[in-house]
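What follows is a short report on a single structure.
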Amino acid sequence: MVAEGCGVYGAFDRSGQDIFPYLYWGLLAQNHRGHQSHGFLTYKGGFHSHRALGLIPPIDERGIRFWLTLLPGPVGIGNVRYSTSGASDTPSLIRNTQPLTEELEGTSLSISFNGNVVNVLELRREFRRELEGRERFSDAVLLCRKMLKGLREGGDLASAAKYCMEGVEGAFSVAGLTGDGALFAFRDPHGIKPLCLGRDDNVTAISSESVGLNINGIDLGSEVKPGELVVVTREGVEREQVAPCGRKAFCAFEFAYFARPDSIFNSKYVYLARNDFGANLGRRYSDIARRLDVILSIPETADDAAYGFHEETGVPWDRALRRHRYVTQRAFITRAEERERILERKVNILKSRVAGKRVGVIDDSIVRGDTTRTNVKKLRAAGAVEVHLFITFPRIIGPCFYGIDMATYEELIGARLTPEEIAEELGADSVNYQPIEDFVRATGMRREDLCLGCVTGEYPTPLAQKMADEMRERFLRGEEEKGRIYEVLR
Ligand code: SF4
């Protein structure tokens, strides 16, 4: 079984111009959301698609003209993908590259999906006959089958989206195309993953993050509401609340790590939230801040927080850690076996800027601890006499069931150890997490509108909560955690 962490895009040009350049740039701006594969699908008298592994390639003007011959039409969708559990062998990655197309009794549907289905076992049972013989298919297949069934039974997109929202537990932000070229998008009733909408004179675009709109010269119009369906045709944009918005539960981790700083969530630039995270840490841990000669940041997700810390405390911010620009993988969304090598190569330390100093380091999160351990080791080797860590995301104590690659309690250093023990384990002088209440205040959102499952143990959907509780009990009993979260309750 494969789950996803992805960026989605969809766009329609009512003047009839080919849409591919919008899809290309919109997804290129979101390549940080998934680097394992990318795909485009347009509609002109039928579906035209291109899917491939790896990052979206650079394309020049001539290249765009060539791609337009492959992907013609005024409407299309696209996806960048990272699989957060299950098979990551090349055949599985190729098979599950999105957008994917499914067909039922002559009706076809194509979707690009960001999120993770929690009740996969139930859905696999429901579609056992239809999917017989198909191995290692992704959550997106189940979601698409559910929608096709809803289309057959209800007859329209609203019924199909409602059918998904009522029968699928999990996080899903979807952009899709019907078999006759209508663009649609919807978001699960909790709004766990981001999805937004914008339009210029001719083009309406749907994007995981607002940066995907901006790169095409489109301003953010609004977020797609939890439980809302958006349909875009030549006649215009129709929006319908097809399922009641349950408890809103936007992924808090988007603010700390996943999203680009120039994206906007809930009317606030992510970089401003990160800036406030840093100021909060400086204020909260002022005793330690007073000891520091310099504050550093792990590039680039912690840079804005380091600036906030510096503004609050007056400790000089030195960008003495630099990224090798073309080592593009994000360490956290990289498989364990690759991670160590990438970490070693990813960050370069300006040794003379840290030698003999008491340094503070701001990072966005500690998940397994290996990233942080590598960086602390490198700082010590460069001559830092003290290393104090300041972490913008509160201590992660539980897995994620909604598409972020944190699968078991055992792998999470914060589930096993106290901050003092973590400091010792990582070779740091101290580890200082931002408290949950400070974090929430900086996002500008209400606590009850955020998913904070991995830092509180309280998940917004019932099956996820049940899984978490059972897994936690087994973990506390010292039982080995068998495989991925989705296999646990078989
Ligand atoms: S459990 Fe954590 S990572 Fe997963 S959706 Fe909730 S806040 Fe985000």
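Just so you know, ligand 1 is whichever comes first in the structure, and atom 1 is the first atom listed for that ligand. Every value quoted in this text rests on a predicted model; they were computed, and no experiment measured them.
Taking each heavy atom of Val455 and Ile396 in turn, the nearest pair found is CG1-CA, 4.1 Å.
The closest side-chain heavy-atom distance from Arg134 to Phe137 is below 4.5 Å.
With rounding to the nearest 0.5 Å, the separation of CZ in Arg247 from CG in Leu450 is 8.0 Å.
Counting only N and O atoms by type, the side chains of Thr301 and Arg260 include no donor and acceptor under 3.5 Å apart.
With ring centers used as reference points, Phe113 lies 6.0 Å or more from Phe172.
Of the candidates Val224, Ile264, Leu213, Ile206, Leu213 is the only one forming a side-chain contact (heavy atoms from CB on, under 4.5 Å) with Cys196.
Panel detail: atom 6 (Fe) of ligand 1 has protein N, O or S atoms under 2.8 Å away, 1 in number.
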